[in-house]
Amino acid sequence: MARLWPLVRVRAATPMAHVALFERHWRQMTMLLMLAAALNVAAAQVAPALPKPEDKAMSESEVADWLKRLHGASRDRNYVGTFVVSSASGALASARIWHACEGEQQVERVETLTGAPRSVFRHNDRVVTFLPDQKVARTERRESLGAFPGLLKSLDATITDLYSAKPADSGRVAGFDAQVVQLTPKDKLRFGYRVWSDRQTSLVLKVQTLDTDGHVLEQAAFSELHYDEPVRIDQLEKMMAATDGWKVETPVMVKTTAQALGWTLSSPVAGFNPVNCYQRALGGQAAADHAGAAPDNAMHWVFSDGLASVSLFVEPFDSARHGQPGQMVMGATHTVTLRLSGGERGNGEGNWWLTAVGEVPIATLQLFGERLRRLAPTK
């Protein structure tokens, strides 16, 4: 790594906005594959060589071909591997991955090897998380967290509008020869990426997130990987459904729009498009009737530029749970908390608490906070 960055802890995000370190990085490894799915292209049968590192930036068509190959590799092979996440702050997480695919069906099993025991099963957009310490099984749809490829189909900007892509030096990851591509942002609102993909199969092996100065904030990589393992979808599905004896929780998330909940942005943040908006029960409380959810439930508004994502959590201010505004840095994940009240932003309708979380610079999250506006009530 280029250097070690101190972990800044001003105030932790509220529990509802907390995202487990490993799960967020696993999504980072798949984000390029999701973008490829959004291109609506099939996997290439033959993977042409990337331009040489001394060549100019890749063209839009070359980037599309590259993403197409990555997407095909993720859907066409079973594999088992050990996945390691490390950040410049010194945080480290690892897990064992089993991935099985059959046509459009994608099933994964993720077992954490560090920290609290946790098993995560994903079947397309359905996710079940087993927490042995609590004997709790949490089932949910991960569409709002960016785990479902169809989310990105509505993005207007192409990847080359926001990032320039250029081949970098080749390397080896987990014993495989890899091609390396560096994605450099065209503004200061987002981070850059360096991506290693298997030269033979195009499977993503490693991703580094780079700050605005090009220093490594964090990386996620396979330390061990085995292709074409006999991983059966039906076996993983049976394990996923084995919830007898567990307390099953289903977080309440009602799909809606920010406007319907009385919020808007005064102007867009360049390159970031709204993806989805949900109303969530505060503190994980289950609502008896989704349609009749209380008006003080939290809003979860998701934005994406195709690679990076930003989540805005807005809830009524509670002095017992919320303190002073602050910031938190955890690798490439940044968090900003702000109190919204009165004036132009609050329209005198009371106090609100914003938690903005994303794999973007602090300044980008602050920009979202500055542009978030409370709509005047309809009559």
Side-chain angles (χ1 to χ4, degrees), residues 1-3 5 24-25 27-36 38-39 50-51 53 55-67 70 85 87-89 146 151-152 154-169 179-197 204 206-221 265 267-275 302-312 327 329-336 356-371:
M1 291 186 182
R3 61 172 174 170
W5 281 54
R24 196 201 65 74
H25 284 80
R27 291 197 303 277
Q28 182 189 54
M29 284 289 281
T30 61
M31 63 190 173
L32 291 164
L33 312 178
M34 294 188 293
L35 181 63
L39 295 174
L50 292 172
D55 290 345
K56 297 180 180 179
M58 297 163 64
S59 66
E60 185 173 346
S61 61
E62 288 172 332
V63 174
D65 287 341
W66 174 62
L67 290 169
L70 301 192
V85 175
S87 73
S89 66
L151 288 178
L152 300 181
S154 62
L155 294 181
D156 296 326
T158 65
I159 191 67
T160 51
D161 290 333
L162 305 173
Y163 302 84
S164 61
K166 185 176 181 180
D169 294 335
Q179 294 179 321
V180 187
V181 171
Q182 181 154 331
L183 296 165
T184 303
K186 295 183 177 180
D187 57 30
K188 298 293 186 179
L189 295 176
R190 59 207 90 239
F191 292 135
Y193 303 93
R194 194 179 290 129
V195 184
W196 282 253
S197 59
V204 175
K206 176 179 175 179
V207 175
Q208 287 181 339
T209 305
L210 312 175
D211 68 11
T212 52
D213 295 322
H215 300 114
V216 177
L217 286 172
E218 63 190 19
Q219 73 173 23
L265 293 182
S267 60
V269 177
F272 287 92
N273 293 274
V275 175
V302 185
F303 295 79
S304 176
D305 71 351
L307 291 180
S309 63
V310 171
S311 286
L312 304 182
Q327 302 172 5
V329 176
M330 188 175 183
T333 302
H334 291 63
T335 302
V336 169
V357 183
E359 306 91 48
V360 295
I362 287 288
T364 304
L365 299 177
Q366 291 173 332
L367 196 57
F368 273 98
E370 292 169 3
R371 297 183 180 183

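Going from atom CG of Leu265 over to atom CZ of Arg371 covers 8.0 Å, rounded to the nearest 0.5 Å. The line from CG of Leu365 to CG of Leu189 is 10.5 Å long, rounded to the nearest 0.5 Å. The line from NZ of Lys206 to OG of Ser197 is 13.0 Å long, rounded to the nearest 0.5 Å. Expressed to the nearest 0.5 Å, how far CG of Leu183 lies from CG of Leu210 amounts to 9.5 Å. Expressed to the nearest 0.5 Å, how far CG of Leu307 lies from OH of Tyr163 amounts to 4.5 Å.
Side-chain contact between Gln327 and Gln366: present, with at least one pair of heavy atoms (C-beta onward) separated by less than 4.5 Å. Using a 4.5 Å heavy-atom cutoff, the side chains of Lys186 and Ser164 are in contact. Side-chain atoms of Met58 and Pro167, non-hydrogen and from C-beta on, do get closer than 4.5 Å to each other. Phe303 is not listed as a side-chain neighbour of Val275, based on a closest heavy-atom distance of 4.5 Å or more. Under the 4.5 Å side-chain criterion, counting only non-hydrogen atoms from C-beta, Val310 is in contact with Leu312. Counting heavy atoms from C-beta on, the side chains of Arg190 and Asp305 come closer than 4.5 Å. Taking 4.5 Å as the limit, every side-chain heavy atom of Phe368 sits out of range of all side-chain heavy atoms of Val336.
For Ser89 against Gly331, the heavy-atom pair with the smallest separation is OG-N, 4.5 Å. Val181 approaches Ala165 most closely through the heavy-atom pair CG1-CB, 4.2 Å. Nearest heavy atom pair, residue Phe191 against residue Asp211, reads CD2-CA, 3.7 Å. A pairwise comparison of heavy atoms in Pro185 and Gly192 identifies CD-CA, 3.5 Å as the closest pair. Annotation for Gln208 and Gln219: closest pair NE2-OE1, 2.9 Å, computed over non-hydrogen atoms.
Proximity of a side-chain donor or acceptor of Ser304 to a complementary backbone N or O of Ala308 within less than 3.5 Å is detected. Arg194 places no side-chain N or O within donor-acceptor distance of the main-chain N or O of Val180, the cut-off being under 3.5 Å. Judged by distance alone, the side chain of Gln182 and the main-chain N or O of Ala168 form no donor-acceptor pair under 3.5 Å.
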